Amino acid sequence: MIKDCKICGGTGKKVIKYDICPDCDGTGYQEEFETKKHFKGVSKNSKYDFDDAEIPCSKCEGTGKVPVYGLCEFCEGTGKIVACDECGVQIGKYPDDSNKKLCKNCQKSQKDDQENKKVVYVLDDFVTMEDLEEGKFYKGKVSRAEKYGVFIQLNEKVRGLLRFREVVGRKNSDFKIGDEVVVQLSELKLGKREVDFRYIPTAGYELKKFEKSYDLIPIAQIFEKGLENMKDKVIKIRGEVIQAVQTPGPTVFTVTDGTEVGWVAAFESAGVRANPEVELGSVIEVVGSVGVRDGKLQIERMMLSLLEGDEETTVKDSIEKQLDIKSEAKSDIEFLVESPILEKLRPKMADVAKRIRRAMLDGRPIILRHHADTDGYSGGIALEKAILPVLNEFSLDSGAQWHYYRRSPSKAPFYELEDVTKDIIFSLEDYIRFGQKMPLVILVDNGSTNEDIPAISEIKAYDVEVVVVDHHYPGEVVDGRAEIDDYIDAHVNPYLVGGDSNLTAGALATEVARMINEDVTDVIKHLPGVAMVGDHARGEEVDQYIKLALETLTENSKTASAKEFTFEDLDKIALCMDFEAFYLKFMSGTGIVDDILAINKEEFARHERLINILYHRAMKMVDRQMKSVIPSIKTRELSNGILLNVIDVEKYAHKFTFPAPGKTCGFAHDSIVKQHGEEKPIVTLAYGPDFGVVRATDAVSETFSFNLNLIVTQLMEEIPESSLDGGGHECAGSLKFVEGLRGKVLDRFFEIVESMK
């Protein structure tokens with residue numbers, strides 16, 4: 001310690017001699033005295049009562065001498081010395097020896113005390129009974145008192161008994177609940193999970209924290225060793241929070257470290273959010289004991305902390321690499337048919353498949369939207385059958401297929417604002433209520449056209465990933481990209497690689513599904529054939545897929561009727577799917593759609609019964625519709641040889657029932673084609689107050705380069721006041737316009753068709 005010099009009193013100087021006071025010449029008193037300066041109310045020259053008084057000299061204070069000062073040799077003028085912290089004896093000079101603390105005697109005494117001092121351990125929360133040693137001293141609290149002794153709690157996991165017969169130098173009544181006490185471990189009975197203590201008065205002890213460290217363990221390693229074998233073991237993990245749910249009891253965090261996924265349960269009190277600083281996407285370090293809940297890993301939190309900075313970045317990079325590897329799709333599968341277009345699309349298909357797998361690994365819900373027709377349902381069901389097994393494998397949630405997946409049909413052949421509004425609202429509700437991430441949206445048999453842009457733009461505002469598997473005309477394609485590619489994350493469409501709509505969404509989605517999960521191939525390989533028949537597709541790939549579908553269904557029928565399937569059977573299935581879709585409206589149709597599309601091989605007999613029932617009902621309603629529609633068809637052959645057929649479905653067709661205007665137009669068109677043959681260029685238009693539905697034969701496309709999408713674009717430019725939109729495939733699609741300009745739009749449509757060469 002630093003003290004004032006005892007010689008100079010901290011001044012740094014000392015008296016070396018005394019001289020005669022110059023003010024009083026050594027007399028010690030003043031000869032002149034001004035009364036006025038010292039006494040109030042007295043005149044300056046007054047000598048009254050002071051004539052005989054001697055006034056001391058103010059300089060020498062009456063001594064007649066004044067001191068002469070020099071430098072203090074003891075402290076060398078600093079005024080300070082360095083003294084021992086314990087005894088106060090001087091041990092050095094200031095400031096050179098300021099770092100010295102103890103004199104030699106005190107140093108020796110302290111060393112002796114240290115050697116004789118007992119070490120008393122204070123346990124952290126992670127120390128267990130197995131870590132204790134007999135004979136060592138521990139500090140704890142009295143947690144319970146009984147007649148025979150008191151229980152001493154060393155931490156949350158370790159408690160032992162101090163019997164009163166093991167107490168020395170202290171009364172039994174002195175032990176109060178909550179008192180801190182130092183005890184010695186006398187006996188450790190691990191087999192019985194018991195700890196016995198003794199008490200000996202302990203003075204001059206040293207407290208030492210007993211901290212237990214744990215090596216970081218990958219979550220996958222816990223599963224490798226077996227949950228039952230690891231149960232109650234204390235482990236340390238690091239990972240990213242992909243969901244946070246507040247239950248009536250603990251807060252449950254779903255955590256992934258890239259190798260696997262686990263639950264972390266943190267309990268403060270019933271229904272109270274634990275670790276509120278932890279959010280979705282937070283990177284955390286957890287020390288806890290391994291538990292099992294619903295057959296899944298649940299780690300009971302003992303310590304949880306947020307990682308930040310370089311540690312957070314390192315963990316996230318590791319997770320990213322691990323998930324990137326696990327989400328790789330089987331991009332090298334052999335396609336079900338030979339197709340140069342499919343081969344060109346392979347990278348895009350693999351990209352979509354990988355994004356879907358990655359979403360499941362990231363804990364993101366999946367929303368699957370598909371057009372509500374045979375092609376859309378076929379593609380949607382194919383992806384569903386591939387996704388659900390992988391989702392259930394990756395997710396801890398036993399109800400993952402209900403909580404992390406939703407399939408919804410769309411009536412329009414594009415992503416409507418009505419649909420996207422539902423998807424956004426449901427996703428935000430799940431985010432708020434259940435702590436889920438925003439979803440991945442998959443669009444099947446829609447999503448490629450300009451009409452999809454408004455809805456996709458809206459959901460992208462919420463950072464939602466959108467992937468598209470479609471075969472509708474996407475507009476002009478430049479360097480393999482269409483306009484919609486500026487708004488979506490991945491896009492599979494035959495037009496992007498020089499193909500056309502004959503390679504339908506149902507076929508494309510089936511091949512993507514096989515990349516996600518090849519194990520489902522036998523369940524879904526017939527779906528492309530059904531989808532293509534339903535969409536009236538033509539081409540080499542179509543023939544191959546239809547052949548595969550017929551072989552597969554014939555093989556599957558061995559469990560039921562053992563019939564030989566034909567093209568007409570596929571047509572029946574497609575019609576029944578469209579018929580049921582009309583009544584399903586916005587419902588997914590889970591179960592009944594599987595039966596219609598013959599997904600359940602074991603229930604093939606039910607499929608056949610259902611098809612017979614639905615086909616009979618559907619055809620009965622179609623026949624009723626055609627009886628009024630066909631006689632009302634107005635047919636004329638145009639100057640260029642195209643046979644034009646016009647139907648007013650507003651007047652001559654039933655409303656709000658099956659078949660809808662689109663199917664009605666299709667059936668009417670098919671009846672005309674049947675009369676004149678496929679080689680005849682035929683265009684059929686069914687119109688209502690503010691819409692038109694178009695069907696055309698391939699001969700029109702091949703001979704006249706008929707493309708409904710280009711006609712729609714031309715009409716939009718020529719008649720902007722009609723608010724016209726629409727499109728679809730080259731030879732099948734629709735028009736929408738304001739009712740007041742119906743005549744102008746349709747007349748111009750007829751003129752364009754007639755002007756074709």
Side-chain angles (χ1 to χ4, degrees), residues 1-122 124 137 139 180 182 201-211 308-309:
M1 73 179 75
I2 309 300
K3 295 176 62 177
D4 289 341
C5 174
K6 61 184 179 181
I7 301 298
C8 66
T11 63
K13 56 187 179 181
K14 68 178 182 179
V15 178
I16 56 176
K17 66 177 182 176
Y18 288 92
D19 286 345
I20 294 173
C21 176
D23 288 2
C24 64
D25 292 328
T27 62
Y29 62 89
Q30 292 176 267
E31 291 184 356
E32 294 183 2
F33 182 80
E34 294 184 12
T35 309
K36 180 73 174 178
K37 291 183 179 180
H38 297 277
F39 298 96
K40 185 177 180 180
V42 179
S43 66
K44 178 179 179 181
N45 298 319
S46 175
K47 298 285 185 175
Y48 184 75
D49 286 341
F50 296 100
D51 290 341
D52 298 327
E54 293 184 349
I55 307 302
C57 174
S58 60
K59 186 173 183 67
C60 64
E61 296 180 348
T63 62
K65 298 178 181 179
V66 291
V68 177
Y69 292 96
L71 186 71
C72 177
E73 296 174 350
F74 193 80
C75 66
E76 296 180 346
T78 64
K80 305 290 182 184
I81 62 168
V82 179
C84 174
D85 286 349
E86 291 291 332
C87 65
V89 68
Q90 182 178 354
I91 57 176
K93 293 182 179 181
Y94 179 84
D96 296 341
D97 300 319
S98 297
N99 60 336
K100 292 183 178 180
K101 301 297 181 184
L102 299 174
C103 65
K104 291 182 179 180
N105 290 333
C106 290
Q107 286 179 0
K108 184 177 182 302
S109 176
Q110 189 179 74
K111 184 178 179 181
D112 293 342
D113 289 345
Q114 194 70 26
E115 289 176 353
N116 296 326
K117 192 178 290 185
K118 292 183 176 63
V119 176
V120 176
Y121 293 97
V122 180
D124 70 11
F137 289 83
K139 187 174 184 179
E180 291 188 342
V182 174
T202 305
Y205 57 82
E206 176 190 1
L207 286 178
K208 190 172 183 180
K209 194 165 185 179
F210 190 165
E211 294 181 318
E308 297 176 337

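Just so it is clear, the model here is predicted, and its values are computed rather than measured.
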Task: Residues K80, D4: salt bridge by 4.0 Å N-O rule - done: yes
TODO: Please name all residues satisfying salt bridge (charged side-chain N to carboxylate O under 4.0 Å, His left out) with E308, sequence neighbours left out, ordered by chain then number.
DONE: none
Task: salt bridge (charged side-chain N to carboxylate O under 4.0 Å, His left out) partners of K17, counting only residues at least two apart - done: none
Open item on the list: Does I20, at its CD1 atom, have more than 12 non-hydrogen atoms belonging to other residues, nucleotides or ligands within less than 6.0 Å?
Closed with: no
Shortest non-hydrogen contact between [X] and [Y], atoms and distance:
X	Y	answer
C60	V66	CB-CG1, 4.1 Å
C24	Y29	CB-O, 3.6 Å
K3	A83	CD-CB, 3.3 Å

- [ ] Quick one: list whatever passes side-chain contact (heavy atoms from CB on, under 4.5 Å) with Y205, sequence neighbours left out.
- [x] K118, V120, V182, T202, L207
TODO: Please list, chain by chain and in numerical order, all residues satisfying side-chain contact (heavy atoms from CB on, under 4.5 Å) with D23, sequence neighbours excluded.
DONE: C21, C57, K59
TODO: Please collect all side chain to side chain donor-acceptor pair (under 3.5 Å) contacts where either partner lies in residues 90-100, sequence neighbours excluded, each pair once.
DONE: E76-K93
Open item on the list: K14: which residues meet the side chain to side chain donor-acceptor pair (under 3.5 Å) condition with it, sequence neighbours left out?
Closed with: none
TODO: First locate atom CZ of F210, then atom CG of D124, and finally report the distance between them rounded to the nearest 0.5 Å.
DONE: 8.0 Å
Open item on the list: What's the separation between atom CD1 in I91 and atom SG in C84, rounded to the nearest 0.5 Å?
Closed with: 5.5 Å
